[in-house]
Amino acid sequence: MKIVFATNNQHKLSEIRSILGETIEVLSLKDIGCEVDIPETGKTLEENALQKAQYVYDHYHLDCFADDTGLEVKALDGAPGVYSARYAGEGHDSEANMTKLLKELGNNNNRKARFRTVITLIQKKNICPCGCNSIKEIHQFEGIVDGEIIRERRGGEGFGYDPIFQPDGYDQTFAELGMDIKNHISHRARATQKLADYLLKIKT
């Protein structure tokens, strides 16, 4: 089975491909010749994931999925949330985003936070044997991991906010735990596992 993941982010691709294994071939936007910076103008993770998947489906007529992830910090009323990647500006600068977040939290002792990933899958479904007519099916899958924001960056692996996010039950950040462990416990791993379970179920 081949399916398009609406991203060119190599970190995300590696993580997703590792979780899905060899049973499902995951293509990137580059693999299908899509050079467009797909807009993300939604006000929720759900809206952004749907918007990206819908763009690929409408323009390339391929089964696809897209994700959006947000870091939701309790003391900041859920911020940065849907704006996590551009919290400090449009440049998607992870260092700047972490600096701003740590500054906003300051000495607040309430460091509770969670990562939440939403994946939207769009597939073409034939509704007659000859395939002369078809409809699409849309499914969404959510993954959440709870944790806390530490006060200083730790670790050299991962990306985004990984160096300052310590998941519950661990004494290391995502950036210290390494990809093998993160791929088993992360928000994206949990959402992707739900996606994989669904894809493998309909494949058999």
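Sequence positions, counted from 1, serve as the residue numbers for this chain.
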With no hydrogens and no angle check, do the side chains of Gln166 and Arg154 hold a donor and an acceptor under 3.5 Å apart? yes
Is any side-chain heavy atom of Tyr55 closer than 4.5 Å to a side-chain heavy atom of Cys64? no
Check Val73 against Pro80 and note the closest heavy-atom contact, atom names and distance. CG2-CD, 4.2 Å
Taking the side chain as every heavy atom from C-beta outward, state whether Gln51 and Pro39 have any atom pair closer than 4.5 Å. yes
Centroid-centroid distance, His61 to Tyr57, less than 6.0 Å: no
Do you know the tightest heavy-atom contact between Leu71 and Ile149? CD2-CD1, 4.0 Å
Distance-minimising heavy-atom pair for Asn107 and Arg151: CA-NH1, 3.7 Å
Take atom NE2 of His139 as the centre, draw a 6.0 Å sphere, and report whether it contains more than 12 heavy atoms from other residues, nucleotides or ligands. yes
Aromatic rings Phe65 and Phe5: how do their planes relate, parallel, tilted or perpendicular, breaks at 30° and 60°? parallel
Will you find, in the side chains of Arg116 and Ser84, an N or O donor that is under 3.5 Å from an N or O acceptor? no
Is Gln140 close to Ile119 at the side-chain level, that is, under 4.5 Å between some pair of heavy atoms? no
For the residue pair Phe165 and Phe174, does the interplanar ring angle fall in the parallel (under 30°), tilted (30 to 60°) or perpendicular (over 60°) class? tilted
Given Ile144, Val145, Leu195, the one that forms side chain to side chain contact (heavy atoms under 4.5 Å, CB included) with Arg190: Val145
Closest non-hydrogen atoms of Ala53 and Ala66, given as atom of the first, atom of the second and distance, are N-CB, 3.6 Å
Ignoring hydrogens, what is the shortest heavy-atom contact between Leu199 and Met1? Give both atom names and the distance. O-CE, 3.9 Å
Between Thr117 and Glu142, a side-chain donor and acceptor under 3.5 Å: no
Describe, in one word, how the ring planes of Phe115 and His187 are oriented to each other, choosing from parallel (under 30°), tilted (30 to 60°) and perpendicular (over 60°). parallel
For Lys100, does the NZ atom have more than 12 heavy-atom neighbours from other residues, nucleotides or ligands under 6.0 Å away? yes
Counting only heavy atoms not in Asp58, do more than 12 fall under 6.0 Å of its CG? yes
Hey, does Asp68 have a side-chain heavy atom less than 4.5 Å from the side chain of Thr120? no
Please, which pairs that meet ring pair (Phe, Tyr, Trp, His ring centres under 6.0 Å) have at least one residue in residues 13-51, sequence neighbours excluded? none
Compute whether any side-chain donor of one residue and acceptor of the other, for Asp31 and Ser28, lie under 3.5 angstrom apart. yes
Does NZ or CZ of Lys182 fall inside the cone over Tyr170's six-membered ring, less than 6.0 Å from its centre and within 45° of the axis? no
Is Ile150 linked to Ile185 within one hydrophobic cluster, defined over Ile, Leu, Val, Met, Phe, Trp and Tyr using a side-chain heavy-atom separation of less than 4.5 Å? yes
Could you check if a side-chain atom of Asp197 sits within less than 4.5 angstrom of a side-chain atom of Gln193, using non-hydrogen atoms only? yes
Are Ile181 and Tyr161 joined in one hydrophobic group, where the rule is that I, L, V, M, F, W and Y side chains link up if heavy atoms are under 4.5 Å apart? yes
Ionic contact status for Glu72 with Arg114, cut-off 4.0 Å: yes
Is Ile122 close to Asp63 at the side-chain level, that is, under 4.5 Å between some pair of heavy atoms? no
Check Val56 against Ala6 and note the closest heavy-atom contact, atom names and distance. CG2-CB, 3.8 Å
Asp67 with Lys12: basic N within carboxylate O range, under 4.0 Å: yes
Does any non-hydrogen side-chain atom of Leu121 lie less than 4.5 Å from one of Ile3? yes
If two hydrophobic side chains count as joined below 4.5 Å and joins carry through other members, does Ile16 share a cluster with Met179? no
Side-chain donor-acceptor contact under 3.5 Å, Gln54 with Lys136: yes
